[in-house]
Amino acid sequence: MIICIFGVRYRDDIDRDLHKKLNDDMAHAVAGMPGFISIKFYKAEDGDQIGIIRFQTRDDLKNWRDDIAHRGAWRYAPKLYHEFWVQNAETFEDYVWIDGVHHDRDQTDRFQMTETDVLNALATDRP
């Protein structure tokens, strides 16, 4: 599993309508990508915001990075973000503890999202 962690610092003068439209467009686009597993967002008490997106393989993530709709959205970044950073990592170990017992196992099923799940995740009130 490939994990892409990204962080954002939104502009003070962000165009909220544009942000919502792009979120909706990107939710539909990413949910249909081969190898897509999930996307989640988190906000720390200090205001830092990160997203975590999971794909099956490096190629799946590269295909998302190079997707024409995704690339097209990049032109709007200056209207939305002061800063947007990305770190990609490859899972090298996968396990879970259940009732105090360690289990080595792939956890793709734990994170797998439907298109509706993705739309709901992106509909959260951000920024």
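Numbers for residues simply follow the sequence, beginning at 1. For the numbers below, each heavy atom of this structure counts, side chains included, while hydrogens, waters and symmetry mates do not.
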Would you check if Asp48 and Lys43 make a side-chain contact, meaning some heavy-atom pair closer than 4.5 Å?
no
Quick check: closest heavy atoms across Pro78 and Trp74, and the distance to 0.1 Å?
CD-O, 4.0 Å
Consider only side-chain heavy atoms of I, L, V, M, F, W and Y, link residues closer than 4.5 Å, and tell whether Val118 and Phe111 are in one cluster.
no
Donor-acceptor pairs under 3.5 Å, side chain of residues 86-95 to any protein atom, not counting sequence neighbours: which ones?
| from | atom 1 | to | atom 2 | distance (Å) |
| --- | --- | --- | --- | --- |
| Glu90 | OE1 | Arg58 | NE | 3.1 |
| Glu90 | OE1 | Arg58 | NH2 | 2.7 |
| Thr91 | OG1 | Met1 | O | 3.0 |
| Asp94 | OD1 | Gln107 | NE2 | 3.1 |
| Asp94 | OD2 | Gln107 | N | 3.0 |

Can you measure from NZ (Lys40) to CD1 (Ile52) and round to the nearest 0.5 angstrom?
9.5 Å
Would you say Glu115 and Phe36 make side-chain contact, with heavy atoms under 4.5 Å?
no
Would you mind listing every salt bridge (Lys or Arg N to Asp or Glu O under 4.0 Å) that reaches into residues 3-15, with sequence neighbours excluded?
Arg9-Glu83, Arg11-Asp13
By ring pair (Phe, Tyr, Trp, His ring centres under 6.0 Å), Tyr81 pairs with (sequence neighbours left out) Tyr10, Phe84
Hey, what do you get for CG (Asp60) to SG (Cys4), rounding to the nearest 0.5 Å?
13.0 Å
Keeping Asn23 on the side-chain end and Lys20 on the backbone end, is there a donor-acceptor pair under 3.5 Å?
no
Where do Phe41 and Gln49 land on the side-chain contact (heavy atoms from CB on, under 4.5 Å) test, with the steps shown first?
CA-CA 7 Å; Phe41 296 94; Gln49 296 184 53; over 6 Å; no
Passes side-chain contact (heavy atoms from CB on, under 4.5 Å), Val8 versus Trp85? Steps please.
CA-CA 7 Å; Val8 298; Trp85 57 263; over 6 Å; no
Sub-6.0 Å ring centroid separation between His103 and Trp97:
no
Is the backbone N or O of Asp59 less than 3.5 Å from a side-chain atom of Asn63, with the two atoms forming a donor-acceptor pair by type?
yes
side-chain contact (heavy atoms from CB on, under 4.5 Å) between Arg54 and Ile2: does it pass, once the steps are laid out?
CA-CA 6 Å; Arg54 292 176 171 91; Ile2 305 300; over 6 Å; no
Treat each ILVMFWY residue as a node, draw an edge where side-chain heavy atoms are under 4.5 Å apart, and state whether Met33 and Met113 are in one component.
yes
To the nearest 0.5 Å, what is the distance between CZ (Arg65) and CZ (Phe55)?
11.5 Å
Does one hydrophobic cluster hold both Val96 and Ile3, with members joined at side-chain heavy-atom distances below 4.5 Å?
no
Within one Ile-Leu-Val-Met-Phe-Trp-Tyr cluster: Ile50 and Val30, side-chain cutoff 4.5 Å
no
Candidate pair Lys79 and Ile14, rule side-chain contact (heavy atoms from CB on, under 4.5 Å), full reasoning:
CA-CA 6 Å; Lys79 296 179 181 183; Ile14 186 173; over 6 Å; no
Within 6.0 Å of OH in Tyr42, more than 12 heavy atoms from elsewhere:
yes
Supply the atom-to-atom distance Ile37 CD1 to Arg110 CZ, rounded to the nearest 0.5 angstrom.
13.0 Å
Residues in side chain to side chain donor-acceptor pair (under 3.5 Å) contact with Asp66, at least two apart in sequence or another chain:
Arg71
Tell me, yes or no, whether the heavy-atom count around Ile98 atom CD1, taken from other residues, nucleotides or ligands under 6.0 Å, exceeds 12.
yes
Write out all pairs satisfying salt bridge (Lys or Arg N to Asp or Glu O under 4.0 Å) with one or both partners inside residues 96-107, taking only residues at least two apart or from two chains.
Arg105-Asp109
Show me the pairs that pass salt bridge (Lys or Arg N to Asp or Glu O under 4.0 Å) and involve residues 25-39, at least two apart or across chains.
Lys21-Asp25
